[in-house]
Amino acid sequence: MPKHAPSRRMITSALPYANGPIHLGHIAGAYLPADIYVRHLRSAGEDVLWICGSDEHGAAITLRAKKEGTTPRDIVDTYHAEMQKAFEGLDISFDHYSRTSSPKHHQVAQDFFLTLLDKGAFEVKTDEQFFDEEAQQFLADRYIQGTCPSCGHDGAYGDQCEKCGKTLSPTELVNPRSTLSGSTPVLRPTTLWYLPMGRHEDWLRDYIVEGTLDGQAHHNPKEWKAHVLGQCRSWIDGGLESRAMTRDLDWGVPVPVEGADGKVLYVWLDAPIGYITSTMEWCEQNGQDWRDWWQDPSADLLHFIGKDNIVFHCIIFPILLKEHGGYNLPTNVPANEFMNLEGDKISTSRNWAVWVTEYLEDFPEGSDAMRYVLTAIMPEQKDSEFTWSDFRDKVNNELADVLGNFVNRVLVLTRKYYDGAVPAAPADDALDATDRALLETLAAAPAKVGDLITRHRYKEAQLEAMNVARLGNKYLTEQEPWKLQKTDPVRTATIMHLTCQVVGNCAVLLGPFLPQTAAKIAASFGVPDARWNDARPDLVSAGTVLGDLPILFAKIDDDTVAAQVAKLGQKGDASDSSNRDLMPAKDEITFEDFTKLDLRVGTVLECEKVPKADKLLKLVVDTGLDTRTVVSGIAEHFAPEDVVGRQVTLLINLAPRKLRGIESQGMVLMAGTDDGGLRFVTPEEGVAPGNVVS
RNA sequence: GGCGGGGUAGCUCAGCUGGUUAGAGCGCAGGAUUCAUAAUCCUGAGGUCGGGGGUUCGAGCCCCCCCCCCGCUACCA
């Protein structure tokens, strides 16, 4: 049987990468659900520790530093501070927020690496890597730019094209160039430490699919999300490849091995170890032993991440932990899917995002409102969609009208009838069926909401908590104390006593979701320190004088919505050409080099999709000289019928090459657009097939 | 093309190992009500559960085929 009651829970949220600010998608994915989970457990008196920190290594940061004429240290310091501000602004309550550039972390990561090395976890291989002869150094993936083979974008990096999102390896780039010197890099051998993941497939399959580890029940896989299990199974069944765990770079945790100068640990190795370092730091400050959290088998380990991190947290990191030995493996990885924004994917480069610190500037008291909306649309099982009009509706109709107004009407009535003091509790036999039903619901709510949170059903949990306020509204409206007050003051006191209990319980139940609002309500209703287990029908003491309570939620008007929508997609700086990922100029060539190219105008005669290839079109082109077949990777941008009849520019003396079994006898010239699109390079009128382009 | 996850009321989403008239919140329509931040409460109208076959006494849930969206992967001269 899987263990059921862990002695303590170790919680991590994905370390955010310190080269850009935090947006709502990040929050909804990995931070808000963890915060709700942890706040609930803390309130319920569970032993829980939640750590996070900035992921500050990797080539993207050094690259950005170079581009902005500053140092990596400056970059990470800036964004470390920026991200902390964002998290604090939304009341994301990490127990500890660390950073991977700290000396402590370097030490921990190196020790971890050395242990793995000792245990034979790595394979050392010598591989060909791109080397910049001018700068005299090996080039990390991010230091190589070129034309994306997928979308034709000119500024694709060696690991990924940020226009089309395609993951790449440097050797796939067309016309690779070093971003350090602009020169064309050459391949040279270098030593890399690989993690041979293939040898771990068997136990991983048991661990993921069956939830068993070393022959023992470890966790219940049915509690894992379908998309998490599906993706893991897909990877394992597809066969796991070896992955390099080191990089040739000078910013990161140095590989602690003789002769490994200029090599650092791969960020994906170094970052999750940051979870451990962060825990150690907290434990040192709080007189605890970090091993109790990471190595005591009775402790749970949960990773909150977005779906882009599933493979790392469910496969690679567990391999590392198991190879190292002594560590617990994750008992659940409740990854969320992605949140879209106003009908489109969130995109940093297009500035199609809502940045947390900007939001908080526009809505200084808006933490709870945003938390509520993000929880209500949390992408728990599929991608979801954030729109500002929906934000307005939820804030106005649910937070302000249902919750805020309910609390206010109870407060006002209590003040009007009892000078603000909660009336005495009714005698048990004075309760009618409606009262009892209300009390039963109140009594059952903490377990109900808590259970949903524990099962990572945050949307539903929040709805249930809000339903308590809804029930309060219904009860008030049906009981009509404002009428009874004149004829039956005893009954009125009963009603008002009970509604005060409803409000008090709301404060506790909504605490994990709306910490600021809950604290305000709790303070006003005399239960500022109430915890989860205190939530029950007699929470609020009779005689409590209700404190002042300002309007909890201001309504949001249409102009505000329109202003926020208008901000999307606009560059902060009009002159922000630096945001365009233009490829740097290439090495100079001679005129003679140029004349080697035989560029001609051609007319497309036929065009069809290449079977079993999503991106390839087969064109038959009249070049004037002949009719030839050209295969081009443009199927995602053009339908075959759109291409037939077009005049195109064609490189006709390129060596033929077989693509998907079809010989391509040339190359069609395309221009990439800023948004990742493609355009044909077409001559003006009056040009015939075969005419030379020069 | 392969693999994984989705496609359910106008919108955002739930629907456990198949079982009575398919649900919630919001929006919408009508009514009630006034303690309250024109708030609240009640009632109702909206779904051939992407499409088509099949298994079953019975399918949104299982099987086959097809279409669309997201992610990974192959193809990219």
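Within every chain, numbering begins at 1; the chains are lettered A, B, ... in the order of the sequence lines, protein sequences first and strands thereafter.
With a cut-off of 3.5 Å on both Watson-Crick or G-U wobble distances, the partner of B:G18 is given as none. Pairing for B:C26 is with B:G10, a Watson-Crick or G-U wobble pair whose two hydrogen-bonding atom distances lie under 3.5 Å. Both distances falling under 3.5 Å, in either a Watson-Crick or a G-U wobble arrangement, occur for no nucleotide opposite B:U48. Under the Watson-Crick or G-U wobble criterion, with both distances below 3.5 Å, B:C41 is paired with B:G31. Across all strands shown, the partner of B:G4 is B:C70, judged by Watson-Crick or G-U wobble contacts whose two distances both fall under 3.5 Å.
Counting only heavy atoms from C-beta on, A:K474 has its side chain closest to B:C42 among B:C42, B:G5, B:U40. Side-chain proximity of A:H227 to B:C76, B:G5, B:A77: nearest is B:G5. For A:E398, whose side chain is taken as the heavy atoms from C-beta onward, the closest listed nucleotide among B:U40, B:G25, B:C76 is B:G25. Distances were taken from every side-chain heavy atom of A:N408 (C-beta onward) to each of B:A36, B:A38, B:A77; the shortest belongs to B:A36. When each of B:U40, B:G27, B:G25 is scored by its nearest atom to the side-chain atoms of A:N397, the top-ranked nucleotide is B:G27. Distance from the side chain of A:M667 is smallest to B:A77 among B:C35, B:A74, B:A77. Counting only heavy atoms from C-beta on, A:K345 has its side chain closest to B:G71 among B:G71, B:C3, B:U33. Of the candidates B:C76, B:G5, B:C26, the closest approach to any side-chain atom of A:A226 belongs to B:G5.
Side-chain rings of A:F513 and A:Y458 stay apart, their centers remaining 6.0 Å or farther from each other. Separation of the A:F638 and A:F680 ring centroids falls under the 6.0 Å cut-off. Ring centers of A:Y207 and A:H200: at least 6.0 Å apart, outside the cut-off.
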Walk along nucleotides 8-16 of chain B from 5' to 3' and tag each nucleotide B, S or - by protein heavy-atom contact under 4.0 Å, base first, then sugar-phosphate. B---SSSS-

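For the pairing with A:Y475, the side-chain hydrogen bond (donor to acceptor under 3.5 Å, both in side chains) check across A:T499, A:T441, A:D435 returns one residue only, A:D435.
Using a 30° and 60° split on the angle between ring planes, A:F391 and A:W388 fall in the perpendicular class, above 60°. Aromatic ring orientation, A:F363 versus A:Y359: parallel (interplanar angle below 30°, classes split at 30° and 60°).
B:G44 sits 48 Å from B:G1 when the P atoms are compared, rounded to a whole Å.
Contacts of residues 491-502 of chain A with RNA chain B (heavy atom under 4.0 Å): none.
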Between A:R470 and A:N467, does the side chain to side chain donor-acceptor pair (under 3.5 Å) criterion hold? Intermediate values first, please. CA-CA 5 Å; A:R470 289 195 170 91; A:N467 278 344; 3.1 Å; yes

Please report the C-alpha distance between A:K345 and A:D383 in whole Å, then the side-chain angles of each, then the deciding distance to 0.1 Å, and finally whether the salt bridge (charged side-chain N to carboxylate O under 4.0 Å, His left out) criterion is met. CA-CA 10 Å; A:K345 284 189 249 191; A:D383 291 355; over 6 Å; no

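At a threshold of 4.5 Å between non-hydrogen side-chain atoms, the residues A:E337 and A:H227 count as touching.
The base of B:C75 does not come close enough to the side chain of A:R660 for any donor and acceptor atom to sit less than 3.5 Å apart.
Taking atom CG on A:L650 and atom P on B:A77, their separation rounds to 12 Å, with Å as the unit. The distance between atom CZ of A:R205 and atom C1' of B:G4, rounded to the nearest whole Å, is 15 Å.
Along RNA chain B, the nucleotide closest to A:S632 and the one closest to A:V410 are compared, and the more 5′ of them pairs with A:V410.
Between A:K609 and the phosphate of B:G1, there is no side-chain N or O to OP1/OP2 separation shorter than 4.0 Å. Within the 4.0 Å cut-off from OP1 or OP2 of B:C26, not a single side-chain nitrogen or oxygen of A:R392 is found. Remark: A:N467 is not in phosphate contact with B:G25, judged by side-chain N or O atoms under 4.0 Å from OP1 or OP2.
Side-chain contact annotation: A:Q501 with A:H497, donor-acceptor N/O pair under 3.5 Å present.
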